[in-house]
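By convention in this document, chain letters (A, B, ...) are assigned in the order of the sequence lines, proteins followed by strands, and residues within each chain are numbered from 1. Everything quoted here is computed from the prediction, not taken from an experiment.
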Number of protein chains: 2
Amino acid sequence: MNSRPAPNSNSRAPEEGKDNVTRLSEKREKILEGALRVFLAQGYSASMDAIAAEAGVAKQTVYSHFKDKHSLFSALIDRLLDHFVSAGLTADLLALDARSFIRKIAHITLSRMDDWEYVSLLRLIIGESGRFPELSELYVSHMVKPGIEKLAAYLRANEQVRFSDPEATARIIHGALINFVILQEVMHGKHAMPMSRERLINSIVDMVLFAGEQGKQSS
Amino acid sequence: MNSRPAPNSNSRAPEEGKDNVTRLSEKREKILEGALRVFLAQGYSASMDAIAAEAGVAKQTVYSHFKDKHSLFSALIDRLLDHFVSAGLTADLLALDARSFIRKIAHITLSRMDDWEYVSLLRLIIGESGRFPELSELYVSHMVKPGIEKLAAYLRANEQVRFSDPEATARIIHGALINFVILQEVMHGKHAMPMSRERLINSIVDMVLFAGEQGKQSS
DNA sequence: TGGATGCTAGACTAATCAGTATGATGTCTC
DNA sequence: GAGACATCATACTGATTAGTCTAGCATCCA
């Protein structure tokens, strides 16, 4: 039986042991992975045909999992934001002394310069913040706000430093770091104005600790 | 004579006293102004028809002044960069004391938050830095680099402050300011995490002066 | 065995868009 | 007045695209 030559063999492997739901979400996963590569590389103007091809899936399948292009895009950005949020600052960091803490935070933030996905996501969210303001607001409220609040909470709680405005101080630190990522990687500025991460980190650490020290003396 | 009803009256006013060259560049100007509004509002995906309409000009006229869409876009970005570069920091600022100087720089930088054109340009250049890396590199080398260098030169020359790394310090100040613009305006974060410009500026000034003071003592 | 479901390849529609072509009008210069 | 030129409105070409439709295949379950 099944003597048919099956010219376009349906490439579905049986994979016994996986139930319907699993396989369903597997397709969804493949689509999101394809969409990730294509959207991050080409921006929102990427074509749905290209995404389906990259995902190794029929276009109709894309539309059976996602209502339209906008839904797929939003789902992808949501997922990516979740992914990067989870890699934030963890509880054990809070035990560090001020100098080590700030240095660690800075290293973590700047290490994302090497992550093509992160750099592309940053470019994409900023670039589409006109067309999709809800996505950039999601980025702000889910990634930036918690990060800055945790940093501010540390600055406020730590005995070694004292600032008149920990929130604003946290923003300065965060801004100096993220802007470095944007300038060097997103905007390809690393050739025109090279600078090592270590130099930036050293200056941030010095600056913050000097100011935190001064704040203690004057209180 | 001219009894023709002239249904689509050619809206060219005679404007005697203007020579050919002037009128030529007037059309070019109208096109660039239309392109400015449309590109900044819709991004590079804006249509040439929309630009011509916004400029009040026939599409063919656009193509007689600019080779293609890419050329028009590049010319526009060049022009905008020139425009904003000229509004940089002027010589008389250098005479100010450190506190006033930094405060002034910060105010000037943050005042651009109110400028829709500037905010949109920032979004556009970052967003298209994947497709048009040469434009973001132009932004870096023409706007960011000179600004940071002048700031670093002031920090190095001024007697009231001393830093182990003025270049890196300048980057921190610049990053804190620009990132505030990006977060609050470009990414619409001002509702999710409001903060007054004055708070940020005060913290930057305090931080820099404390650190600059400390640098003097330890030298 | 037979129906439901998820998938596939591919064709199709309707819209949009960059860029070109046409043909006419007004202005300037000689 | 004639030719050159800039511009105009409009139509067209060719390509791309989002989203739909069709028809068939494979797997699962009752």
N/O-N/O pairs, protein side and nucleotides 19-22 of chain D side, under 3.5 Å:
residue	atom	partner	partner atom	Å
D:dG19	OP2	A:Tyr63	OH	3.1
D:dG19	OP2	A:Lys69	N	3.0
D:dG19	N7	A:Lys59	NZ	2.7
D:dG19	O6	A:Lys59	NZ	2.9
D:dC21	N4	A:Gln60	NE2	2.3

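- OP1 or OP2 of D:dC8 lies within a sub-4.0 Å distance of a side-chain N or O belonging to B:Thr61.
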What donor-acceptor contacts under 3.5 angstrom involve side-chain atoms of residues 169-177 of chain B, with partners at least two apart or in another chain?
residue	atom	partner	partner atom	Å
B:Thr169	OG1	B:Asp165	O	2.8
B:Arg171	NH1	A:Gln184	OE1	2.8
B:Arg171	NH2	A:Met193	O	2.4

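- Residues meeting the ring pair (Phe, Tyr, Trp, His ring centres under 6.0 Å) test with A:Phe132, sequence neighbours left out: A:Tyr44, A:His70, A:Phe73.
- In this structure, the CD atom of A:Glu26 is 14 Å from the C1' atom of D:dT27, given to the nearest Å.
- One can place CG of B:Leu72 at 13 Å from C1' of C:dG19, the figure rounded to the nearest angstrom.
- In this structure, B:Glu134 has no salt bridge (charged side-chain N to carboxylate O under 4.0 Å, His left out) partners at least two apart in sequence or on a different chain.
- When the side-chain contact (heavy atoms from CB on, under 4.5 Å) test is applied to B:Val119, the partners found at least two apart in sequence or on another chain are B:Arg123, B:Glu185, B:Val186.
- Side-chain contact between A:Lys27 and A:Lys30: present, with at least one pair of heavy atoms (C-beta onward) separated by less than 4.5 Å.
- Side-chain nitrogen and oxygen atoms of B:His65 include at least one within less than 4.0 Å of the OP1 or OP2 phosphate oxygen of D:dT7.
- The side-chain contact (heavy atoms from CB on, under 4.5 Å) test applied to A:Ala50 returns A:Val38, A:Ser47, not counting sequence neighbours.
- As rounded to whole Å, 11 Å separates atom C1' of C:dC7 from atom NZ of A:Lys30.
- Taking atom CD1 of residue A:Ile51 and atom P of nucleotide D:dT16, one finds them 17 Å apart after rounding to whole Å.
- If you check every strand for non-hydrogen atoms under 4.0 Å, B:Ala46 touches sugar and phosphate atoms only.
- In this structure, CZ of B:Phe66 is placed 15 Å from P of C:dA18, rounded to the nearest angstrom.
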